[in-house]
Number of protein chains: 2
Amino acid sequence: MNEIKGINLAKHNETYQDGTPILVAVDNVIFGFDPVEEKLKVLLFKRQVEPQAGNWSLIGSFVQSDESAELASQRILTKFTGLTDVFLEHFNTYSDIDRDPGARVISLGYYSLIRIDEQKEELVQSFHAQWFHIDEIPDLVIDHNQMILDALHTLQNESRRKPIGFNLLPEKFTIPKLLKLYQEILQAPLDDRNFRKKILSAGYLDRLDSKDKSTSKKGAYHYQFNIEAYFDLVKKGYSLVLP
Amino acid sequence: MNEIKGINLAKHNETYQDGTPILVAVDNVIFGFDPVEEKLKVLLFKRQVEPQAGNWSLIGSFVQSDESAELASQRILTKFTGLTDVFLEHFNTYSDIDRDPGARVISLGYYSLIRIDEQKEELVQSFHAQWFHIDEIPDLVIDHNQMILDALHTLQNESRRKPIGFNLLPEKFTIPKLLKLYQEILQAPLDDRNFRKKILSAGYLDRLDSKDKSTSKKGAYHYQFNIEAYFDLVKKGYSLVLP
DNA sequence: CCAAAAGTGTTTGTTATACACCCATGT
DNA sequence: ACATGGGTGTATAACAAACACTTTTGG
């Protein structure tokens, strides 16, 4: 760096010509909650191009010149699951110069929360994509294992403060399912009585008259997330806090 | 999108040739705490290239092929302030296709926390850079006003859970200064007795024997942040929580 | 001696935690 | 009638919030 001898000498007049175009990709950590196994899973597929073709990988794509990164991430999510209007957020950027052995690629990490029951199963299968439990992620391509860790931490932090977990459940769900989901996300047991108390006392869950009898003889009441009620509460300063 | 007629038809075999290189920039929201005015400020400079030359702007640069985005952000911070080893974190990515009228540029937002008293004032001046109070940010180039808002929200959220505020203060500081800093960051008054109780009971602030008599006749004790003590506490599960 | 900022404790209310039993029902 | 998961309440502890006075000392 140049020494500055006096005042008014320095310039910072980089132009667009001074920039070097770089390949930019999005990688999508797609989370789903398996309603049968009651496990939090991530959708992976086998990379089809060299280097490292055949290895498990996150689902990603290059950002094209006519689309934003968000759109690229949505595009690839829709391609693999058939879903649109999905919770999808940026969580980190990966820019080490040697991270991708194939080329200099800056990768934007997104994570999405989908309802496994709404995905197009045949689409997922047609790409040879598979759901992996977060405890059983295989060795992935490049830095994708790190990306999943980062996405999971973001999901955990966000889940403790905002009710985003509902994006992983069907419209109608039961409290026992919701509890299991939160235990999976936070990877820690939660006291069921205290959990019920906190989540129900907030007032944004509507109990329906119907019950889910698939897991017990007594049956568990269906609940629905009431987003208007939630927004009203947020306006008044409410925020969820889980341990 | 193609309809899938059967299983095993779909491909996702994008190669590096399918990517379009894009200009990638970093923009740095440089925060400083003015020790005299006791105000949280952001460092801005007048853009020197078209379009919008002469307008106030964040300090940014293109990411070059031989550097990571973090490094680019550090580089530009050092160029303007002379500082190295500074708190610097990515907070968001801006990728709308029309955001920059000069070219398609994806911008990575970083924010940094510096000690104003350690910066090289003559360097800052030589770039015609100026510190602006966060309540008095002028109209900025492109989407830089939004970036400052996003960075401030990130800073607020992080400050509530981690003691990163110390990066904005000199090594030795007083509790009244620390309180003022937190009130500036959170843009809300804090009760001084409760604040003292919480911050001192944690045990990672070492009181020195010296006093700062610049703001009162009685003088306020100097304190120092003890990072080892803090890390030990974090290992045991401690986390700061401010209202 | 007094103005101005620094420093200190207590009470009260709220929230978190820990914990155990009854309920409903299909088989 | 009983096994299975669903649903409920209470007592205690910990923490947050509200609040006012004393201390120090340079001028």
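Throughout, a chain's letter reflects where its sequence line sits, starting with A, and its residues are numbered from 1.
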Out of [options], which nucleotide sits closest to the side chain of [X]?
{"X": "A:Arg193", "options": "D:dA16, C:dC19, D:dC19", "value": "C:dC19"}
{"X": "B:Lys218", "options": "C:dA6, D:dA16, C:dA20", "value": "C:dA6"}
{"X": "B:Pro243", "options": "D:dA17, D:dT25, C:dT27", "value": "D:dA17"}
{"X": "B:Lys213", "options": "C:dA6, D:dG26, C:dT17", "value": "D:dG26"}
{"X": "A:Lys217", "options": "C:dA6, C:dG26, D:dG6", "value": "C:dG26"}

*Is any side-chain heavy atom of B:Leu205 less than 4.5 Å from a side-chain heavy atom of B:Ile175?*
yes
_In the structure I gave you, are the side-chain heavy atoms of B:Ile114 and B:Leu43 within less than 4.5 Å of one another anywhere?_
no
*Between the side chains of A:Tyr94 and A:Asp150, does any donor sit under 3.5 Å from an acceptor?*
yes
*Pair B:Gln74-B:Thr84, side-chain donor/acceptor within less than 3.5 Å*: no
_The single option from A:Tyr223, A:Tyr230, A:Tyr238 passing side-chain hydrogen bond (donor to acceptor under 3.5 Å, both in side chains) against A:Tyr204_ = A:Tyr238
Using atom [atom1] of [X] as one end and atom [atom2] of [N] as the other, report the distance to the nearest whole Å.
{"X": "A:Asp212", "N": "C:dG26", "atom1": "CG", "atom2": "P", "value": "13 Å"}
{"X": "B:Lys198", "N": "C:dT8", "atom1": "NZ", "atom2": "C1'", "value": "18 Å"}
{"X": "A:Leu178", "N": "D:dG6", "atom1": "CG", "atom2": "P", "value": "13 Å"}
{"X": "A:Leu200", "N": "D:dG9", "atom1": "CG", "atom2": "C1'", "value": "14 Å"}
{"X": "A:Leu240", "N": "C:dA16", "atom1": "CG", "atom2": "P", "value": "10 Å"}
{"X": "A:Leu242", "N": "C:dT15", "atom1": "CG", "atom2": "P", "value": "15 Å"}
{"X": "B:Tyr221", "N": "D:dT24", "atom1": "OH", "atom2": "C1'", "value": "10 Å"}
{"X": "A:Tyr238", "N": "C:dT15", "atom1": "OH", "atom2": "C1'", "value": "13 Å"}

*Polar side-chain contact B:Asn194-D:dA18 base: donor and acceptor under 3.5 Å*: yes
_Below 4.0 Å: OP1/OP2 of C:dA24 and any side-chain N or O of A:Ser216_ = no
*When we call it a touch if two heavy atoms are under 4.0 Å apart, what does A:Lys197 touch: a base, just sugar-phosphate, or nothing?*
base
*Nearest-nucleotide comparison on DNA chain C, the residue closer to the 5′ end among B:Lys180 and B:Asp191*: B:Lys180
